[in-house]
Amino acid sequence: MIAGLAREVFGEGGRLAGAHPGFEPRPGQIRMSEAVAEAIARGRHLLMEAPTGTGKTFAYLVPAVESGRKVVISTGTRNLQEQLYFKDLPLLEKALGRRIDAAYMKGRDNYLCIKRLRELGEEPLFEEIEDVARHTAIAAWSRRTQTGDRVELRDLPEGIRLWDRINARADTCLGQKCPDFESCFLTSMRRAAAAAQVVVVNHHLLLADLALKEHAFGQVIPDYAVLIVDEAHALEDVATAHLGRSVSTRQVMELADDLHRTLDDPEAHRRSDDLRRAARGWFGLFPQAEPAGTRFPLEPMRRDALWLEAGGRLIESIDRCRIIARKASEASDDPMKAHLAQRAAEQAATLAMVLDPSGAAPRSWGSTPTVLWGEARGRGVSLHAAPIDVSGPLRAMMFEEIPTVVLASATLSVAGGFEFLRARLGIDDADEMILESPFEPGRQAVLYVPRRFPEPRHESFMEQFADQVRALLAVTSGRAFLLFTSFAHLRRAREALEGTVPWPLLAQGDASRHALLERFRATPGAVLLATSSFWHGVDVQGDALSLVVIDKLPFDVPSDPIVSARIEAIRGSGGSPFMQYQVPAAVIDLKQGLGRLLRSRQDRGVLAVMDSRLMTRPYGRTFLDSLPPYRVVHDLESVRDFFSQRA
């Protein structure tokens, strides 16, 4: 795309201004659009930090559409994915005066499986009484929906077991051998994506698709020449989850159920019963009483002889089921029976890796060690094995295979450079650009960091934190985000503040994220207490938000199995885990959290980091050098003076 076209679209009185009354020309948006166009034309990779307010979405959409090449755009959150497809692309069509062939793809777990729904209807065994009415409603919806996307089921609660039993997840899918293949919602989605020029996905689907291609299991996303990764700061963690292997209580139990139902044979029924007993015996050894979603390391358990013995029995039981399913498949040429054998083989292989990760990792992981962890969620346990370092796999699957990859985010750099990102993601050769904020951070915000303040581990920290928050809330009349690095700090702060401040307190966990944000926007003076999920992708413009407080520098918890493994890998190679990994990762998270305040040129307010280490420790300079040029103050009087000058 030539420079003239960028100015024609983004300039004063340009096409976007004509289509969007609130559009404002921004030089950074034109620069970014030209850089993306050049990267596509030259077949180059591009690293782009585009601060909030740059207009990065349209900056990459225009050259992507104008290139005429097949483009995949991946987002870190579903909110941005939906905004891109349902709002931004239609607006761009209006501005350009032509239709854009675009498609929208989610992970397959979001879609209904017609075959599994029918099978459940034939054997309606439900775990909860509410599932009877839910199943009836879903069956009726299945006859009228065009997409099969569960988002249409507004009244269906999140996380219910029923949806897991009828969705189109990969381990139960027969693909083209399924009798419902032609009418399948996934088939329709893939055909729409194959015909589109622009395909909008999310990081989870993107990485799951790359893993499928690497293992020669097929693909979900059609081949493409250009990949634009928005919210690219989240890519490493998603890659760690999806490039690995996992197996869960639910998957093993469903294998036993499907074997019993599919093979009308006494021996198969005995083997399925044996599998259930072996699964209960092994999974029962895990800490299922942990809070849902809590990770725990597997290394200590791998030194337990009882655990290893029970795991070995489970693998043997799964393998016997595999043999029975394979023999039945060979005798009848039934794709369902063949798929059962394949599922059993994959589960046994993953469990073998959990029991003994040495020498069992896929070739695509290269020489990087394996990290093992478990996760307790509700009544089930899931076990995971993944490469500690995803830079090698990402380099091979993404940067060496796709002609142009554009990584964009408001927070990619550390101390003005991309060295951390390059090392973590395996990027050897790419162009770089860091755009300046279109806002005026020094005028619009003040950063308050108390100098003489107890460090976060000190016993008096939370008491003094609450005192400081009360004083800050008095300055801004509430209207605040209090962002915490742990639920423990959130709970203690809530207990300290309830009944001592006159503003409504909202807390993560009281309602869904969407409901909490709507309530916050609609409630005068509201104060929202939240943890990590609210540090990213939350946009509250205007006077509803005038204060963002962060309890402490967001270092990853060293005891987390993945973080611990990454630290040990860097230390083992002679590096400094703290300066090479922990500090840069915390810098990016801090930039994300503080970025919740200024979302437009009219926004103005106070940022507070209640961690004196930002000023007293040598590494604090790395944090400060990575932040926008806020004016830093250390006393509450300066905060009051700044806030009293509001226009």
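Side chains are part of it too, since the values below use all heavy atoms of this structure and drop only hydrogens, waters and symmetry mates. Since the model is a prediction, treat every value here as computed from it, not as a measurement.
- Applying the side chain to side chain donor-acceptor pair (under 3.5 Å) rule to Lys552 yields no partners; only residues at least two apart in sequence or on another chain are considered.
- In this structure, Arg424 places its CZ atom where more than 12 heavy-atom neighbours from other residues, nucleotides or ligands lie under 6.0 Å away.
- Distance alone, capped at 3.5 Å, is enough to place a donor-acceptor pair between the Gln81 side chain and the Met105 backbone.
- Taking the charged nitrogens against the carboxylate oxygens, Glu495 and Arg492 have no contact shorter than 4.0 Å, which rules out a salt bridge.
- Using the six-membered ring where Trp is involved, Trp373 and His384 have ring planes that are parallel, under 30° apart on the 30 and 60° scheme.
- Asp551 and Thr485 share a donor-acceptor pair across their side chains, judged by distance under 3.5 Å alone.
- Judged by the 6.0 Å and 45° rule, Arg571 forms no cation-pi pair with Tyr581.
- Ring centroid separation for the pair Phe578 and Tyr619 comes in under the 6.0 Å cut-off.
- With hydrogens and angles disregarded, no donor-acceptor distance shorter than 3.5 Å links the side chain of Ser33 to the backbone of Gln29.
- His634 places no side-chain N or O within donor-acceptor distance of the main-chain N or O of Pro450, the cut-off being under 3.5 Å.
- Ala232 and Leu407 make their closest contact through CB-CB, 3.9 Å (heavy atoms, listed as atom of the first residue, atom of the second, distance).
- Neither side chain, Ser638 nor Asp641, offers a donor N or O lying under 3.5 Å from an acceptor on the other.
- By the neighbour-count criterion of 12 heavy atoms within 6.0 Å, atom CD of Glu459 is sparsely surrounded, having that number or fewer from other residues, nucleotides or ligands.
- Judged by distance alone, the side chain of Lys591 and the main-chain N or O of Ser413 form a donor-acceptor pair under 3.5 Å.
- Shown here is Glu436, whose CD atom has no more than 12 heavy atoms of other residues, nucleotides or ligands within 6.0 Å.
- At least one donor-acceptor pair under 3.5 Å links the side chain of Ser437 to the backbone N or O of Phe439.
- For Glu463, the CD atom counts as loosely surrounded, since its 6.0 Å shell holds 12 or fewer non-hydrogen atoms of other residues, nucleotides or ligands.
- Around atom CZ of Arg78, no more than 12 heavy atoms belonging to other residues, nucleotides or ligands sit under 6.0 Å away.
- A side-chain N or O of Asp88 and one of Gln83 form a donor-acceptor pair less than 3.5 Å apart.
- Nearest approach of Asp589 to Trp535, heavy atoms of both residues: O-CE3, 3.3 Å.
- A salt bridge links Asp467 with Arg470: at least one charged nitrogen is closer than 4.0 Å to a carboxylate oxygen.
- For Tyr448 and Phe643, the ring centers are positioned 6.0 Å apart or more.
- Cation-pi geometry between Arg513 and Phe534 is met: the NZ or CZ atom falls under 6.0 Å from the ring centre, inside 45° of the normal.
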